[in-house]
Structures are given as C-alpha cells and as structure tokens.
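Right, one structure below, let's go through it.
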Amino acid sequence: MNMRYTQLGRTGLKVSRLVLGTMNFGPQTDEADSHAIMDAALDAGINFFDTANVYGWGENKGRTESIIGSWFAQGGDRRDKVVLATKVYGNMGADGEAWPNHDKLSAVNIRRAVDASLKRLGTDYIDVYQFHHVDRDTPFEEIWQAIDVLVQQGKILYVGSSNFPGYKIAQANEIAARRGGTIGLVSEQCLYNLAERRAEMEVIPAARDYGLGVIPWSPLHGGLLGGVLKKQAEGGRRASGRAADTLADPTARAQIQAYEDLLDKHGIEPGEAALAWLLTRPGVTGPIVGPRTAEQLASALRAAELELSEELLASLDEIFPGPGPSPEAFAW
C-alpha cells in the first residue's frame, strides 16, 4: 500500500490523497459491486469516503448511505478505518416536494437530517458533516448552535462546506470564531479541475487562509478530461450532459483535442493526468473519485502514483489557463 496521506485542512485528521466518492452507488452500481469497490479502496489505503443524504436520488434518496451502512455492518473494522463524510441540505422528499423545515440548514432540519443519516449509515457518529449548499435564509449563528449540540452529543466531529463561495467561507468561520468554542469549517468541497478553474480566484484562497482542506468534485469534468474524444473515435461511450454541451463548442472541442494529443505524446492516460494535476495544486487535500467499476478505481490509484514533469504542467497551463490571482483576475 503506497497511498499518501495528509491532514484535512488545519485539523489533526489524517486522510488519503484520494477521496472515494459514492454517488454512483445505487443509481449506477449495485450493492454487491459497491461493497467490492469499497473493499478495494480500503485495501489500497483510501480511508476518506464521501457521500450525501440525497444520493440515490428521486424516490431512492438515502439509498447510497444505506449501501455504505450495510458495508459497515460486515465488520472487519470497516467503520473504524474510514473517515466518513456525508452532507445535509437537500430536500429528502421522494416526490421533490419538501414539507416545511425538511430541507436546508435550519437547526430543526440539521437535527432531523443527522439522525436520519446515522440510522441509514448504521453508525453513531459522522466524521465530517458537510453543508451541501449555502442556505441564504438561515444565519450562521443558528447553524453553529445546532452543530455545537451535535458535537457535544458525539454525533459529528468536524464540519465542512460544499459549493460555498469564498465570502461565505469567510463569513462562516468569522462567526464561528466570534462565538468561541466552535471549530468552524475545516473543508470545502468544490467544482475544480483543469477545465474549470474559477475556484482558484476566490474559493481556494479563502479556504487556504481559513485552514480548510479543498476537496475537488468532478475532477474529470463529467468525463470531458477522461479521453472522451479518443473513446468516441473508438466507438466507446459517448459524452453526455456537461461534457456533450462543451464539445458542441468548436473552440472547447479543439482545447480538449489539444489536451488529449499532448498526453498521447507523453504516453499518459488523460483521466490519470487530470487527477495527478489536482494533486499538485496548492490547498488541495485530494480529489473525489467516483468509480462505477473496479477498473475506474484502479485507474484513479495509478493517478495517485503519477509524477507530472514541470514541462508537462506548463503545457497543461497553456491549454487550460487559470484565471490568475484575485483581485488581478477581475480588476485588471
């Protein structure tokens, strides 16, 4: 096992440089295969597992947490070895209609949601409880009061954010500091990859200044950075969703072609290069990899071992230039 570990932000918590994303467990990957992927991840040294109460989606919301819970129930120190992260915010109503106070970040919903997640997960504590989105209607004083109670009860240990803008990270942690005794946010899970670098302008600087570990989601940008053009040319899986929309733009398509050609020249798989690039980025704890199959997990593990040369990193910057530091990026 050669997995590397790092501290999660400013905490003493040690987590693997790859994070196992579980969003496909249930909708794309059945329970048995999901269990096998989790076993393989743990065997490879991945100890940081990410999920959310809404995963499973539609009438199956909560299904993913239940699959993880049934895996923990198999024993073998599975729960003890895993740093477990889940999320709160989403509407858990199967029909898309939330009864009042059954979504977002009110104290009453946080209390209800954490108990429901604990039951599905078959555990009595959550290591990192993450706010899945900003709640514009609930003040952080109320949120932190609810969190303090859960920490005192031993139901959660740390708190993270997801999809927060930089100013909300600052606001959340300044209010936590004023209240005293509240650790505040320790991680931010954001959309960040070679093709989508806007987080470098505000979110990542805020996270670094406030001691939050950055956990990028969609590291392959919906498959766009995973060799999509080559796969299409070989008659493989066609792009869909965000990736298909992007490829419809001739300029973006040429950019992806240049990326694939560059990595072909270096003999590196595009998806593995995209993950390895994120592991070089300042402030990044580890990207979330969401394998549907054992082979996809194996590819992610290879990426964690990959060393990208300075020359290749510079070439990637030329193809996918970042926005630059703020305020320069938008001020001049």
Side-chain angles (χ1 to χ4, degrees), residues 2-4 6 16-19 21 166 188-205 207-208 213-234 236-237 239 241-291 296-326 328-330:
N2 297 315
M3 181 56 61
R4 289 174 290 165
T6 188
S16 49
R17 294 296 319 269
L18 291 179
V19 184
E188 161 59 19
Q189 190 175 134
C190 58
L191 175 61
Y192 182 38
N193 55 55
L194 264 169
E196 176 47 88
R197 294 179 60 172
R198 283 178 294 178
E200 293 175 358
M201 223 185 317
E202 292 278 0
V203 175
I204 292 172
R208 295 182 72 195
V214 174
I215 307 167
W217 63 264
S218 196
L220 304 188
H221 208 50
L224 199 66
L225 299 171
V228 64
L229 296 177
K230 184 179 180 182
K231 287 174 185 172
Q232 284 186 4
E234 294 172 351
R237 190 171 179 225
R242 185 192 300 131
D245 293 343
T246 303
L247 292 176
D249 175 355
T251 304
R253 189 182 183 90
Q255 191 179 35
I256 297 299
Q257 188 67 65
Y259 166 73
E260 292 190 18
D261 290 345
L262 171 69
L263 294 169
D264 188 49
K265 188 175 78 174
H266 284 264
I268 299 172
E269 287 296 322
E272 293 171 21
L275 287 172
W277 178 83
L278 279 169
L279 289 168
T280 70
R281 304 307 299 163
V284 168
T285 299
I288 296 174
V289 296
Q296 288 177 345
L297 175 62
S299 174
L301 291 168
R302 289 192 295 271
E305 301 284 317
L306 195 57
E307 295 287 338
L308 303 181
S309 68
E310 290 300 320
E311 176 204 354
L312 180 52
L313 288 169
S315 297
L316 289 170
D317 264 339
E318 285 177 17
I319 295 170
F320 297 109
S326 61
E328 290 88 344
F330 54 81

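Nothing here was measured: the structure is a model prediction, and the numbers come from that model. Residue numbers count from 1 along this sequence.
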| said: I'd like to check V203 versus E188 (side-chain heavy atoms, cut-off strictly below 4.5 Å). Are they in contact? | reply: yes
| task | For residues L278 and N193, report the shortest heavy-atom separation together with the two atoms involved. | result | CD2-CA, 4.2 Å
| task | Determine whether I288 and Q189 make a side-chain contact, defined as any pair of heavy atoms from C-beta on separated by less than 4.5 Å. | result | yes
| query | Pick from I319, L247, D249: which one makes a side chain to side chain contact (heavy atoms under 4.5 Å, CB included) with I256? | reply | L247
| request: Give a yes or no on whether the backbone of P219 and the side-chain of Y192 come within a donor-acceptor separation of less than 3.5 Å. | output: no
| field | Nearest atoms (heavy-atom pairs only) where G286 meets V19 | value | O-CG2, 3.6 Å
| Side chains of L18 and P287 in contact at under 4.5 Å (non-hydrogen atoms) | yes
| message | Please find the pair of heavy atoms, one from Q257 and one from L229, that lie closest to each other, and give the distance. | response | OE1-CD1, 3.4 Å
| task | Look at R198 together with E196 and state whether they make a salt bridge at an N to O cut-off of under 4.0 Å. | result | yes
| field | I215 side chain reached by V284 side chain, heavy atoms, under 4.5 Å | value | no
| field | Contact list for residues 304-322, test salt bridge (Lys or Arg N to Asp or Glu O under 4.0 Å), sequence neighbours left out | value | R197-D317
| query | Is a side-chain N or O of Y259 found less than 3.5 angstrom from the main chain of L316, in a donor-acceptor match? | reply | no
| said: To the nearest 0.5 Å, what is the distance between OG1 on T280 and CG on L313? | reply: 5.0 Å
| task | Could you give me the CA-CA distance, side-chain angles and deciding distance for M3 and L301, then say whether side-chain contact (heavy atoms from CB on, under 4.5 Å) is met? | result | CA-CA 8 Å; M3 181 56 61; L301 291 168; 3.8 Å; yes
| field | Between W277 and F320, ring centroids under 6.0 Å | value | no
| remark: Note: I268 and A273 closest approach over all heavy atoms is CG2-CB, 3.9 Å
| field | Selection residues 252-274 - residue pairs positive for salt bridge (Lys or Arg N to Asp or Glu O under 4.0 Å), sequence neighbours left out | value | E272-R302
| query | If you take all heavy atoms of V289 and A300, which pair is closest and at what distance? | reply | CG1-CB, 3.8 Å
| query | Taking the side chain as C-beta and beyond, is there a heavy-atom pair between I204 and R208 under 4.5 Å? | reply | yes
| Which distance, rounded to the nearest 0.5 Å, do you find between the CG of L220 and the OG of S299? | 8.0 Å
| Donor-acceptor pair, side chain of K230 and main chain of P270, under 3.5 angstrom | no
| task | Go through the steps for L279 and R4 under the test side-chain contact (heavy atoms from CB on, under 4.5 Å), then give the verdict. | result | CA-CA 11 Å; L279 289 168; R4 289 174 290 165; 4.3 Å; yes
| task | State the CG-CG distance between L312 and L262, to the nearest 0.5 angstrom. | result | 5.5 Å
| task | State, to 0.1 Å, how close T285 and G213 come at their nearest heavy-atom pair, and which atoms those are. | result | OG1-CA, 3.2 Å
| said: Between S326 and A329 (side chain of the first, backbone of the second, donor and acceptor by atom type, cut-off under 3.5 Å), is there such a pair? | reply: no
| query | Rounded to the nearest 0.5 Å, what separation is found between the CD atom of E202 and the SG atom of C190? | reply | 12.5 Å
